[in-house]
Amino acid sequence: MRRSVGGGDRWGRRLASPWWRGGIAVLAGALPALAFPEPSLWWWAYGALVPWLLLARSAPTGRRAALDGWLGGTGFLLAVHHWLMPSLHVFIVVLAALLGLLWVPWGWLTHRLLHGRPGPGRVGAALVLLPSAWLLAELVRSWQYLGGPWGLLGASQWQVEPALRLASVGGVWLLGLLLVMVNVALAVLITVPGARMVALAGLTACGATAAGVWAWVPVAKETGTARIAVVQPGVIQGPGPRFERSAELTRQLAGRHLDLVVWGESSVGADLTAKPQLSRRLAELSRTVGADLLVNVDARRSDRPGIYKSSVLIGPHGPTGERYDKMRLVPFGEYIPARPLLGWATSVGKAAGQDRHRGTEQVVMRLPDGLRVGPLVCFESAFPDMSRALTRDGAQVLVVQSATSTFQDSWAPAQHASLAALRAAETWRPMVHATLTGVSAVHGPRGEPVDHRMSTDTSAATVYAVPLSQGTSPYVRMGPWPVYGALAALAAFCAVEGVRVLRRPSGR
């Protein structure tokens, strides 16, 4: 017994040390990363935030809890994006620390609502407000100029069928909201005996939401299939050899009765107008396979200044005129924000030497048989609003052209491919995720996997029978309503707190 008490005293002393506590906060914030691919321990997300919550709750002051929130947020972002370290080196630490500030309100609010012996009222408020504050942090960092929505907590549930059904109702936002609520309820069950009934009520509400959606919300109804081939050349250095391998694989698809052939991001390294011989070769490939090709051109355009990444549809007579220029670029990977101020990032990592230019609007392409395709490029598949907009504009199939060869031996390829399941479930539209070097994957309109994935050690062309669907998902109709609800809850809390401060007698 004495030994146990002594251990507790040592633990208490360590928590009292700012350095020890700071290190524990970073580690606690990093724990949820295990729920994402490649580990894909999806069940871990239902309790991964508990240590972080308990740490912020135990803080001696709200200010210290806010610091725990910041350090935990930094740890979370570093863990989820650790594969960027070889490219950005120390700069990824700077970025994570800056974005980690978004969890300062979450840490402070955890202390405000759960510190000490909170009653049922405070615990009930915590079950609503802490998930809302988490969603606010995710919403702000989802802005493309702050790095985009990579690693949203709800995205960890990409392979869980009931979760994908929930995504069709409220998107990845609803999944994140419910996951944080479960974590808060578990933290209360562990530490606040007097409010366990409230915590159990919160868990029951989460379960009832999932059960209700499963029982009553309609699902996507299949209306047929489209035969779409994905060409994955594999790890090949240089645009010329990569093009030749892609062409070789494409010729093998002759006679397969295809609707579309998709190449990965940066599969063509020269502008097709400036290099008419490339257009002729691609047109010949289209005639050979009897289907249009969707290639991706990463080059300086001849008809306007600047370098663009563009999805270009190629028919039997060459480019059809259907073209989409990538709109949301990867910060530091494809451009450097405020280059005069942050251009030094190129000297410490593999940041973009030249800025790519942005497209101005999304495009839905129509194939000869009438099939409507909505293209996205690379990490644009992380943005729920872009696939939703394409669906509202009439896209029947969502196609992502990607390249993660820079991060080939990391968690990045599997993380990226997993997003296709979420976007498909949200929109009731299948998504084809085509890469140069893997992981390439296809998911049906309910988020279900279609056939096998092409891993990072594969060089092949695979034909997928892609299920099509009709109808509009609740998420496409209503949009990110969980976010609006979270903002309303936080606004109401701020209003109540403001009134309380105003009514406080002066001099106290």
Side-chain angles (χ1 to χ4, degrees), residues 80-81 84 138-139 141-152 154-155 158 167 171-173 230 262-267 294-298 307-313 322-335 337 352 355-365 372-407 412-427 429-436 439-443 447 475-476 479-480:
V80 172
H81 298 85
L84 284 171
E138 291 196 329
L139 176 67
R141 78 179 181 90
S142 294
W143 189 38
Q144 59 173 312
Y145 297 105
L146 291 181
W150 194 282
L152 300 183
W158 66 276
V172 68
W173 310 107
V230 173
V262 183
W263 289 16
E265 180 186 13
S266 304
S267 49
L294 185 65
V295 301
N296 189 268
V297 179
D298 183 3
I307 301 173
Y308 289 80
K309 283 192 175 181
S310 306
S311 301
V312 179
L313 193 64
E322 301 269 27
R323 180 188 187 113
Y324 166 66
D325 297 323
K326 185 177 183 181
M327 295 171 60
R328 296 185 182 174
L329 304 177
V330 180
F332 299 96
E334 293 171 333
Y335 79 104
D355 291 348
R356 266 49 176 185
H357 287 229
R358 302 176 188 276
T360 56
E361 61 182 0
Q362 292 188 260
V363 175
V364 175
M365 301 178 176
R372 296 184 298 277
V373 175
L376 298 165
V377 182
C378 196
F379 100 134
E380 289 182 329
S381 67
F383 292 86
D385 65 300
M386 296 194 75
S387 53
R388 177 173 176 255
L390 286 171
T391 303
R392 291 170 67 91
D393 288 342
Q396 296 170 282
V397 179
L398 303 173
V399 176
V400 184
Q401 296 175 296
S402 175
T404 50
S405 52
T406 305
F407 315 106
Q415 281 187 18
H416 198 181
S418 70
L419 296 173
L422 279 166
R423 301 291 89 85
E426 288 171 343
T427 59
R429 296 295 182 268
M431 178 169 273
V432 176
H433 180 87
T435 72
L436 293 178
V439 175
S440 295
V442 176
H443 287 266
Y475 173 72
V476 169

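Below, all heavy atoms of this structure are taken into account, side chains as well, without hydrogens, waters or symmetry copies. Predicted model, so just to flag it, every value in this text is computed and none were measured.
Gln401 contributes no side-chain N or O that, together with a main-chain N or O of Glu265, makes up a donor-acceptor pair within less than 3.5 Å. No donor-acceptor pair closer than 3.5 Å links the side chain of Glu322 to the backbone N or O of Ser311. Side-chain atoms of Arg429 come within 3.5 Å of backbone N or O of Ala395 as a donor-acceptor pair.
For the residue pair Arg323 / Ser310, a side-chain donor-acceptor distance below 3.5 Å is found, with atom types taken as modelled. For the residue pair Trp150/Gln415, the side-chain donor-acceptor check at 3.5 Å is satisfied.
Atom CG of Leu139 and atom CH2 of Trp173 lie 5.5 Å apart (nearest 0.5 Å). Within the model, atoms OG of Ser142 and CG of Leu152 stand 4.5 Å from one another, a figure rounded to the nearest 0.5 Å. Taking CG of Leu398 as the reference point, atom CD of Glu426 lies at 10.5 Å (rounded to 0.5 Å). One distance of note links CZ of Arg358 with CD of Glu334; it measures 9.0 Å at 0.5 Å rounding. From Leu329, atom CG reaches atom NZ of Lys309 across 8.5 Å, with rounding to the nearest 0.5 Å.
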Legend entry - Derivation of the side chain to side chain contact (heavy atoms under 4.5 Å, CB included) call for Val364 and Val373: CA-CA 6 Å; Val364 175; Val373 175; over 6 Å; no
Inset, instruction - Test Val442 against Met431 for side chain to side chain contact (heavy atoms under 4.5 Å, CB included), laying out the working first. - result: CA-CA 6 Å; Val442 176; Met431 178 169 273; over 6 Å; no
Inset, instruction - Give the C-alpha distance, both sets of side-chain angles, the deciding distance and a yes or no for side chain to side chain contact (heavy atoms under 4.5 Å, CB included) between Asp298 and Ile307. - result: CA-CA 7 Å; Asp298 183 3; Ile307 301 173; 3.7 Å; yes
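For the residue pair Val439 and Ala417, the shortest heavy atom distance occurs at O-CB, 3.7 Å. What you find for Met365 and Leu313 is that their closest heavy atoms are SD-CB, 4.1 Å.
A salt bridge is defined here as a Lys NZ or Arg NE, NH1 or NH2 lying under 4.0 Å from an Asp or Glu carboxylate O, and Asp393 with Arg372 fails to meet this definition.
With contacts defined as side-chain heavy-atom distances shorter than 4.5 Å, the pair Asp325/Thr360 does not qualify.
Remark: Ser440 engages Gln232, Thr435 in a side-chain hydrogen bond (donor to acceptor under 3.5 Å, both in side chains) (not counting sequence neighbours). Checked against side chain to side chain contact (heavy atoms under 4.5 Å, CB included), Ala155 has the following partners two or more places apart in sequence or in another chain: Phe36, Val172, Leu419, Leu422.
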Could you tabulate the donor-acceptor pairs under 3.5 Å formed by side-chain atoms of residues 374-390, not counting sequence neighbours?
unit_1: Glu380; atom_1: OE1; unit_2: Tyr324; atom_2: OH; d: 3.0
unit_1: Glu380; atom_1: OE1; unit_2: Val377; atom_2: N; d: 2.9
unit_1: Glu380; atom_1: OE2; unit_2: Tyr324; atom_2: OH; d: 2.8
unit_1: Glu380; atom_1: OE2; unit_2: Met327; atom_2: N; d: 2.9
unit_1: Glu380; atom_1: OE2; unit_2: Arg328; atom_2: N; d: 3.0
unit_1: Ser381; atom_1: OG; unit_2: Cys378; atom_2: O; d: 3.4
unit_1: Ser381; atom_1: OG; unit_2: His416; atom_2: NE2; d: 3.1
unit_1: Asp385; atom_1: OD1; unit_2: Arg328; atom_2: NH1; d: 3.0
unit_1: Asp385; atom_1: OD2; unit_2: Arg328; atom_2: NH1; d: 3.2
unit_1: Asp385; atom_1: OD2; unit_2: Arg328; atom_2: NH2; d: 2.8
unit_1: Ser387; atom_1: OG; unit_2: Pro384; atom_2: O; d: 3.2
unit_1: Arg388; atom_1: NE; unit_2: Tyr475; atom_2: O; d: 3.2
unit_1: Arg388; atom_1: NE; unit_2: Val476; atom_2: O; d: 3.0
unit_1: Arg388; atom_1: NH2; unit_2: Val476; atom_2: O; d: 3.1

